[in-house]
Structures are given as C-alpha cells and as structure tokens.
There are 2 protein chains.
Amino acid sequence: MDLNGPEQQVAPVAGGARRGGSGVPGGRRKQRVSMADVAKLAGVSSQTVSRVSNGHTGVIGSTREQVLAAMRELGYRPNSAARALRYGRFNTIGVILFSLSSTGSSRTVEAIATHAAAEGYAITLIPIDVATQDNVLGAFTRMGELAVDAVIVIMEIHLLDTATVQLPPGVHVVVVDSDAGDRYGVVDTDQADGARGAVRHLLELGHRTVWHVSGPGSSYAAQRRAQAWRTVLEAAGRPVPVPLDGDWSAESGYTAGLRLAEEPDCTAVFAANDQMALGLLRAFHERGRSVPADISVVGFDDTPDAAFFIPPLTTVHQDFAEVGRRCVEGVLRQIRTGDDSRPGTDLVPARLVVRDSTAPPRTT
Amino acid sequence: MDLNGPEQQVAPVAGGARRGGSGVPGGRRKQRVSMADVAKLAGVSSQTVSRVSNGHTGVIGSTREQVLAAMRELGYRPNSAARALRYGRFNTIGVILFSLSSTGSSRTVEAIATHAAAEGYAITLIPIDVATQDNVLGAFTRMGELAVDAVIVIMEIHLLDTATVQLPPGVHVVVVDSDAGDRYGVVDTDQADGARGAVRHLLELGHRTVWHVSGPGSSYAAQRRAQAWRTVLEAAGRPVPVPLDGDWSAESGYTAGLRLAEEPDCTAVFAANDQMALGLLRAFHERGRSVPADISVVGFDDTPDAAFFIPPLTTVHQDFAEVGRRCVEGVLRQIRTGDDSRPGTDLVPARLVVRDSTAPPRTT
DNA sequence: AGGGGCGATGTTCACGTGAACATGCCGCGT
DNA sequence: ACGCGGCATGTTCACGTGAACATCGCCCCT
C-alpha cells in the first residue's frame, strides 16, 4: 500500500480534484495540500485530520498514524490564513520601528523575534524610513490591515499621538523608547539611572564637573539621559556646562570633540551613546588630548566594539535582549488576559561598565 | 445625520449583530468590523463594499461615497486572513536569519523590509539563535506553516541543504551569503572582488605581501574573502602568510593583532571585517606599532563607525541596501512570473574606500 | 441480555472575502 | 412603443479550518 510509489500518483490525483489545474499534467507541482486531501488519502474525515493536526485527544492510535502518514506523504501544512480566519487571531506581533541600523533597535528586535517565536508568535516588521507624521500614520494603517494581534512600537512617542487611532480595537500596543506610560505599556532601559551612574562615576573620580554630548532632542532616550546628567550635577552643586548637541552619529561626536578639545577646563565628558564617544576619542586623539589622562570619556550602550576602542570605553551597558523579552511578555499578557488597562512603565536596569577611558583628573 | 454621535451608536449595533459579545454592554469595544457591518450601515450588499474596498470600477459615485463614509464611521479594515484565504496568497515574505546584530544583516533586513513594504508586502522574521541543523530545519518548518509567499534566507548555505524540503511547493527562495546559485537565487555582495581590491591596494602601495585575519570558516563570505586574498598574492608571486583565524569579533581581531605585532616583517593586514580591524588597531596601538606608518590595515564592510576609528579605516564598502533591494526584487519576480527555474547569482559590487589606515611601507 | 454511557469518528456550518453569475433598471435604436 | 444592451448592484458559493453537534459501535453494569 505504501510501497508502490504513491507520492507521484497521489499528488496529481489530489491536485486534479481541484477545478483549475490549468490543464497542464506534469507542469506545475500543485497548489496546496488541504485537510480534505489528507483526509481522502487517509480514508477519514477532514475533522479527524484537524484533530490530529491540533494534537487533540480522542483519536485512536492507528487512525492517528494513518493520518500522520498521509500528511507526510502529501507534505501537508496547515493553512495559517484559514486558521487565523477561524480563530480571529493571527499569532503574529507587528513591530514598527525607525532605523534597524541604530544601535540597540536591531538587538531589541532580535530578542523580540526570538521570544515571540518561543511563544508561537511570528513577527511582522514595518520600518519607517523617514520620521514624518504621515509615514507613522501610514505604518499604523498598514499594520491595522495586516494580520497582527498586537503591535510593539520602537520610536519616539510624540509622533505617535494621533497614530494609534488607526489601529483596530483589540490590537494591543507596547512602546519602547518613550514615556507614554499613561496610554500604553512602556518598556525601556532605565535611561536616567544609567546616565546618573555615568555622571556620578566621573564626579567620584574627582572631576569638578562633567560635559555632555547629547543625542538628538527628538529622542526621549536622549532627553532623559541629558536630564539625568543635569540633575546629578545640580544636586552636587557643580556648574552645568552647555551640552553639545549630537545626533547619535560618530561624526557628530567627532565635531563635538573638536570643540571640547579647545576647552581647557574640560576633563570629563559623558556622551549619550558609544558612537559619539568614538568620535570624541578620535577628536581628542587628533588634538593631542590624552584619554583618560587629560580627559575622561563615558559612553552609553556598551556596544560589542566599545571594549576595543582606543582606549577601551567606560560605558553604560543596556540589556536590549531583556527589553525585547519584556516587550513580548507585555503584549502577550495583554493578548491573553485581554487586559488593556494597566499600561505602566517597565524599566530594565542599566549598569556602568568601567574600562580604561576614565581616570581621576590630572593633578596640576 | 452625521452630527449626532453616530459612532457610539452604530458600533454597538454592528457588534450586537454577532453572537458572542460576552454580554458586557459597555465593556470591550467590539471585535472586528466586517464587510457585512459596513454593508448594513451603507444600505448596500457586501459585494459592493468589496468592490469599493478593492477600487473596482462599476460602482457609481454616490454609492461609493456612502460606502466610504460607512467604512470611516465603523473604522473598517479588510481582514487580511480572509483575503489571504480567498486569494491563496499572503503578500508576505519570510526572512530567516542568524543574528540580526551582525554587521550588515540588520541593514539588509531593513532594506528588505522597506522595499517589500513599497511593493505591498510585509516581512515576517524568524531568527535562529543557535546555528544547528535542527534549528534551521525548525525555522523552515515554521516558515512553511506561516503565511508567506516566499522566503529570503540570510545565512551560510551548507546548513540549508536538507532544510528547504520543509517548505511547501510554490514558496520561492532567495539566499544571501551563499554560493548555492545552482539551486536557489543568490544575491550577495561581490566578496571576491572587494577582497581583491583591498589586497591589490596594499600591494600597489609597495607592501611585499599582505597578512590576513579571516572570518569564521563556516561563513561563505569569509571563505571567499580569504580565497580572493590568496589568489591575488599568488598571482603576484608574493609569499602567502598563514592566515589568522578570527570569528568576526573585535576581540578575535585584537588577539590576532597581538600576534601580528610580533611579526617584524608584517607591514600590511587585510582583516575580513571592520570589527576585527578595530581589534587590530587597538592591539597595534598597545604594542606601539603605528598605523599606518608601521603597519597598514584594511577592513571590510565600511560600517558607519569605520571612518572614526583611530586612524580612520581604509575598508571595502558593502552596499547592504542594494543587496536587500535585489533580494526583494528576486522573490517578487519569482512570485509574479511563477518562474523558479533561473536561480543564478546576483552580485552587488563592493568598492574600496581609502582612508588613513593604509600607507606605503616605511622605507628602511 | 439489554440498556445506558462513553469514546471515536463523521457532518454541518461559520469565519470574511471576492469571483462568477443573476437580477433589474435605464436609455437608446428602430 | 417595444426590445435589447449595458451597467449598477445583489446573490451564491468556495477558499481551509475547527467548534458544535450528530452518529455509531462497543463495553460495562445491572
């Protein structure tokens, strides 16, 4: 029964059972194997196939084996569209983000994808190339049309305000890099605490004050890091230098570094991310300002490369994987309990990693 | 007609038309708006709604307006699962990859997502955390169960061999970072040409030979870069040093650098990626070997940071965005023409970017 | 031995959409 | 004036799945 080359025979038969077929006998393989095809081959009803497919109890061993054999033979795959239609759920989480290239977001997305997969959810990605209100709106509209049960948004929240109305009700939202804890669930690194640790470290080394190269003002993470930097300095009664505006790029850090190299009393800089810190290091190197002997530098993120900068960079480590994990946890809790009501903010601790780019100020 | 708060009134009515509702009057918003709901409100048949929704001709202006108004009022979104079921297509491309964190893959994915979105396709991501045959197989199995029309695979092909049988027929495949041009469509940076350019550049500067810090042997990209390096040296009749094995990480580059710093006649190194080049730079710096005066270093990738290394790194630029674009183009061509038969390899040119980490050897 | 119950399997139907076909109306030509 | 054609819209049905209900047979208990 199963020795006489059934595969070549059965497939065309099942395929021929459909109407279309385009009349080509040996041409295209065959469109798709459905439960009915499997049921016919196994000599059972399609409902029994369904039960086997879903691991329901109540199917006797021999029947189950027959069905499984038929599935293997035909290469049956459940049709997720039909399933989604039947269940009203898609087992898919949408992720809306700006650049995947930016530090952290790719690692966060990776963690989201990994944990979602472990829970049987797939990830659908929608990137926004240019951060305009229209594009954000469009992304949400598209997401609303897509088969998603929840959406994770990785971006500055203020572009979000009018956008979520585009999502169908019942689609849950969790946001990263924002402070909209009153409207959505928020997961984020504890930016403020990380930044405080960085600045305090420099003050404890004996620096009189700490300069700051900030991220772009449009970023909440950048705002919070700058805010924490200012707060620590003020609390310690230190002068607060004018922060230099960066845009996360190494180039902006380099530009800032050239300026800071001219400030004779600048002995410590807190850069809002590692890339800008890299730019600082190069600028100071070019200007003959030794790090850490003349100037200490602290970054933020702890990219894998930071340990191999010249000198190895003292920086604030972000646990992006944990952020991603908690995002998934958050939306899944909402999906499963239907509870949309407790947004709140979930902060993932950051920790300072001390390497060789910080030292006490030169004792003149 | 549209001034007296229709939204609050209509939605519950449409919702009440369903069976479940869980009896909670003011509780959950409502499940989902279907064509039937819109049709009822607009006073037309659901088919007319369908025609409007799909932009078909043959609907008179006034009717169309009524339907559109009803859609807006109810917040109607087409159900993509039902659509997918009806059409047999999903307008979704699956992407299977290893680490998103690795240089390039995140930028490739981003380009894939952007171009797919422009074509009306969504991206479903499945990451593989540990590169075992089982995990790869599992990823393909899951992809087969998901609603995808095509799959783009970003990984070393040799784990792939037995895996694609898990995909339903009719699902098209394009592969990145591989040489399986005879079985699948392949898109990749022209690794060999890029590496040749790097090595020739160093030879043209007058270096007697070039050392190599390779990527992991499991990577085809690494293999091709190493192969091209060897070929150029042999063609020029130069001695071929034993390559040092790296694993893409800055740390492995650092380790290799400490060894190379002890080689008195090593004046030029080609690192298989920028991160390892960073490790080299730090090792040479620590050992007092000046770059480029004592040793020239070339990397590969041209990460955004490479221009801000100390010194700015000469490296081979990869156009990941173009790779992503061509991947999408490739699978869409397959989907649209149904033509699976012309795999072939599509190579994206790489180009050398000369910065300050290379110079003629010191004239002793 | 007969009936009741339970376990295995089959049948029916709805999920939301859109193609194919059906209907019905209006205008134009003879 | 009558009929026919074309266009706007309605009706039916299938896509693949799985819950709910129906059926059938077997075993156990009295």
Side-chain angles (χ1 to χ4, degrees), chain A residues 14-15 17-21 30-40 42-67 70-71 74-91 144-147 168 170, chain B residues 14-15 17-21 30-40 42-67 70-71 74-91 144-147 168 170:
Chain A
R18 293 174 196 293
R19 57 222 169 118
K30 133 168 234 316
Q31 291 303 1
R32 181 95 196 184
V33 180
S34 79
M35 280 195 167
D37 302 323
V38 176
K40 191 192 300 180
V44 299
S45 78
S46 64
Q47 182 55 215
T48 301
V49 177
S50 168
R51 281 191 267 257
V52 172
S53 175
N54 291 51
H56 281 249
T57 56
V59 178
I60 209 167
S62 59
T63 310
R64 176 182 302 272
E65 281 313 315
Q66 269 181 313
V67 171
M71 282 180 173
L74 297 178
Y76 169 75
R77 307 279 158 205
N79 182 322
S80 60
R83 262 188 191 172
L85 179 59
R86 192 65 185 52
Y87 285 129
R89 288 179 296 105
F90 304 99
N91 274 23
E145 288 165 5
L146 285 178
Chain B
R18 293 176 197 293
R19 55 217 170 126
K30 124 172 243 313
Q31 291 303 0
R32 180 94 196 187
V33 180
S34 79
M35 281 193 166
D37 302 323
V38 176
K40 191 193 300 182
V44 298
S45 78
S46 65
Q47 181 56 218
T48 301
V49 178
S50 167
R51 281 190 267 255
V52 171
S53 175
N54 292 50
H56 280 250
T57 56
V59 179
I60 209 168
S62 60
T63 311
R64 176 182 302 273
E65 281 313 314
Q66 268 180 313
V67 171
M71 281 181 174
L74 297 178
Y76 169 76
R77 308 278 158 205
N79 181 320
S80 60
R83 254 183 198 179
L85 179 59
R86 193 67 187 42
Y87 284 129
R89 288 179 297 105
F90 305 98
N91 274 23
E145 288 164 5
L146 285 177

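Every heavy atom of this structure was used, including side-chain atoms; hydrogens, water molecules and symmetry mates were not. First the proteins, then the strands, lettered A, B, ... as listed; each starts at 1.
Rounded to an integer number of Å, the gap from A:His56 NE2 to C:dG7 C1' is 16 Å. Atom P of nucleotide D:dA8 and atom CD1 of B:Ile60 are separated by 6 Å, given to the nearest angstrom. Rounded to a whole Å, the OH atom of B:Tyr87 is 17 Å from the P atom of C:dG16. Rounded to an integer number of Å, the gap from A:Leu85 CG to D:dA19 C1' is 14 Å. Atom CZ of A:Arg51 is separated from atom C1' of C:dG7 by 11 Å (rounded to the nearest Å). For the pair B:Met35 CE and D:dT9 P, the computed distance is 15 Å after rounding to whole Å.
One end of the helix from C:dA1-D:dT30 to C:dT30-D:dA1 points its axis 50° away from the other end's axis, with each axis taken from 5 pairs and the angle rounded to 10°.
Interatomic distance, OG of B:Ser80 versus CG of B:Leu85, reported as 11.0 Å (0.5 Å rounding).
The 5' end of DNA chain D is approached more closely, in terms of each residue's nearest nucleotide, by B:Thr48 than by the other of B:Thr48 and B:Ala82. Nearest-nucleotide mapping onto DNA chain C: of A:Thr57 and A:Gln47, the residue sitting toward the 5' end is A:Thr57.
Backbone-only engagement by A:Thr63 is indicated by non-hydrogen atom pairs under 4.0 Å involving sugar-phosphate atoms exclusively. Within the nucleic acid shown, B:Ser50 comes within 4.0 Å of at least one base atom, counting heavy atoms only.
Of the candidates C:dG10, D:dG10, C:dG18, D:dG10 carries the atom nearest the B:Ser45 side chain, counting heavy atoms from C-beta on.
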Side chain to side chain contact (heavy atoms under 4.5 Å, CB included) evaluation trace for A:Arg51 with A:Val67
CA-CA 10 Å; A:Arg51 281 191 267 257; A:Val67 171; over 6 Å; no
Let's go through B:Glu65 and B:Ser62 carefully: what are the C-alpha distance in whole Å and the side-chain angles of both, what is the deciding distance for side chain to side chain contact (heavy atoms under 4.5 Å, CB included) to 0.1 Å, and is it a yes or a no?
CA-CA 5 Å; B:Glu65 281 313 314; B:Ser62 60; 5.7 Å; no
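Applying the 4.0 Å criterion to OP1 and OP2 of C:dC15, one finds that B:Asn79 has every side-chain N and O outside that range. Between B:Arg83 and C:dG18, a side-chain N or O to OP1/OP2 separation shorter than 4.0 Å is present.
Geometric assessment of A:Arg83 against the ring of A:Tyr87 yields a negative cation-pi assignment under the 6.0 Å and 45° thresholds.
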